Amino acid sequence: MADEAKAKGNAAYSAGDYEAAITHFTEAINLAPTNHVLYSNRSASYASLNRYSDALSDAKKTVELKPDWVKGYSRLGAAHHGLAQFDDAVSAYNKGLEIDPNNAALKEALAESKSARDRAAARASRPPPSSNPFGDAFSGPQMWAKLTADPSTRAFMQQPDFVSMMQEIQKNPTNLNLYLKDQRVMQALGVLLNVKLQGGGGGASEDDDMPDFPAERTRSAAEATEPPPQRKEEKKPEPEPMDVPEEEKEAKKRKAEALKEKEAGNAAYKKKDFDSAIQHYTKAMEIDDEDISYLLNRAATYLEMGQYDDCIKDCDKAVERGREVRADFKMIAKALTRKGTAIAKTAKTSKDYEPAIEIFQKALTEHRNPDTLKKLNDAEKAKKDLEQQEYFDPKLADEEREKGNEFFKQQKYPEAIRHYTEALRRNPKDPKAYSNRAACYTKLGAMPEGLKDAEKCIELDPTFSKGYTRKGTVQYFMREYEKALETYQEGLKHDPGNQDLLDGVRKCVEQINKASRGDLSADELKERQTKGMQDPEIQNILSDPVMRQVLVDFQENPKAAQEHSKNPMVMAKIQKLVSAGIVQIK
């Protein structure tokens with residue numbers, strides 16, 4: 001039961017349903033509290049939901065239960081890293097590497113934690129940002145008094161957008177940077193600092209789209225009787241273009257050159273001129289090492305060329321550099337997916353697929369991409385197929401089947417099933433093993449399992465009469481006499497003299513005739529009717545309007561019934577209804 005819960009948890013984890021995975025792993029832990037793998041899996045699920053404290057608790061339990069298991073230290077390091085406990089993460093990864101010094105995943109994770117630790121230390125050593133030098137000018141109610149008293153800014157106080165901007169600046173003086181292009185704000189700044197700013201003088205400029213307000217609205221009653229002072233209109237100078245630092249200009253220039261090289265590489269790639277593509281991508285990387293897309297494109301080229309080691313190296317570099325420059329998670333996931341693809345391309349045994357599957361799973365924790373999920377499923381299927389091929393051994397399969405036969409003779413059917421199952425793992429194309437296991441299931445009353453094995457036996461060898469015998473026997477015990485009769489008759493086409501098949505036909509005919517004669521007891525009739533009504537074929541016959549009319553004619557219209565009796569298809573359906581106990585002929 002613990003294994004079943006674990007399997008459900010793994011499936012939920014692969015599907016990205018981490019909450020469900022946690023539920024299943026918890027159920028498994030309750031059933032098997034000393035299984036270190038279950039705590040490890042639940043730790044990974046918690047980490048996927050950023051619940052790193054819970055992940056850390058499970059990781060510690062994993063290491064406690066299995067101190068020599070590398071994966072435990074991987075989980076422990078990941079949890080510490082998620083909690084920004086980088087020194088502890090580094091320590092955990094180092095302990096894991098003591099056990100497995102060549103573990104690539106641990107080395108990569110160790111490098112990531114060291115890099116994160118260095119970045120955190122650098123941030124801690126930076127001086128705090130300086131406060132806005134103009135902050136005091138905007139504090140307190142005196143700001144509004146100054147702006148209202150000064151003639152050059154008084155009109156602005158009637159403009160809602162200006163008042164809103166000044167309120168934002170008063171709340172946080174650093175917001176001043178957002179409104180420096182507004183001439184009214186610059187004018188207000190000059191008033192508050194008692195500095196005459198160039199172009200100041202009051203009111204909106206001739207380029208503003210704000211409406212002009214009459215001067216009378218902003219003057220006192222005494223001033224309203226006097227004409228407003230005349231001001232000479234001054235044309236404001238055009239603002240000077242912002243100076244772009246040389247470093248920024250150079251950076252933009254480098255990025256433009258790198259993109260040009262990338263486009264040239266893409267064009268060469270499409271033409272399958274891979275050598276030229278690599279040259280262009282390499283040049284782009286040399287010009288701009290902060291964009292990991294160049295590394296990813298070169299890795300894709302190496303992948304296309306079959307140079308898988310070079311592809312993997314580029315993917316590792318892309319992940320490492322991407323962490324340093326805080327690249328998008330999708331880019332990190334793409335690098336990991338490409339690495340997993342390269343590893344899968346070189347896989348020759350089922351074990352070779354394990355690192356590729358692990359990489360794909362890690363990529364999905366970065367970004368759940370359908371293409372990555374498909375590659376993961378393909379890798380898992382390929383691994384399973386190879387495992388089956390590696391396990392294939394017809395000679396051992398025959399030996400296991402013979403062991404099963406011995407237990408069958410001793411009527412030890414569960415033991416026989418175990419050996420027949422192992423025989424089928426060794427040789428899944430053996431119809432005899434399916435036939436024998438079907439017989440065991442029948443003896444144990446497991447009819448659905450027996451029917452399934454009998455049908456598989458017939459599928460593998462349609463001429464093998466035992467398969468029809470097994471299937472017919474199961475159908476007979478399930479009281480599906482019409483179906484059993486058809487199965488026995490089909491078997492006789494391949495082996496006309498087979499006595500088991502002939503006996504099966506005879507027994508089925510007896511049961512069918514018994515129903516036709518009305519010799520069934522009340523309980524037998526009720527049981528057969530109940531079973532018949534569950535048969536889809538019987539349901540289809542009864543729902544057919546034509547057949548419903550035929551049944552009415554048989555009951556009420558003898559002349560029409562005689563005509564129906566001449567139709568073999570109609571009579572075959574009538575016979576099925578009779579056999580099912582639905583219709584009785586008297």
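Please read these numbers as outputs of a predicted model, since none were measured by experiment. Because only heavy atoms are used, hydrogens play no part in the values below, and waters and symmetry mates are left out as well, while side chains stay in.
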Looking at [Y] and [X], is any side-chain nitrogen of the basic one under 4.0 Å from a carboxylate oxygen of the acidic one?
X	Y	result
Lys6	Asp3	no
Lys339	Asp316	yes
Arg323	Glu366	yes
Arg321	Glu324	yes

Count the heavy atoms of every other residue, nucleotide or ligand shown that sit under 6.0 Å from NZ of Lys107, and state whether that count exceeds 12.
yes
Determine whether the aromatic ring centres of Tyr18 and Tyr13 lie less than 6.0 Å apart.
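Between Tyr13 and Tyr18, which both carry aromatic rings, the centre distance is below 6.0 Å.
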Centre-to-centre under 6.0 Å for Phe274 and Tyr269, is that the case here?
yes
List the steps, then state whether side chain to side chain contact (heavy atoms under 4.5 Å, CB included) holds for Asn10 with Phe25.
CA-CA 8 Å; Asn10 290 342; Phe25 290 137; 3.3 Å; yes
Take Thr282 and Arg298 through the test side chain to side chain contact (heavy atoms under 4.5 Å, CB included) and record every step on the way to the result.
CA-CA 7 Å; Thr282 303; Arg298 191 172 74 173; 3.0 Å; yes
Checking side-chain polar atoms at under 3.5 Å, does [X] have a donor or acceptor matched by the opposite partner on [Y]?
X	Y	value
Asp352	Thr349	yes
His81	Ser113	yes
Gln187	Thr153	no
Asp310	Tyr308	no

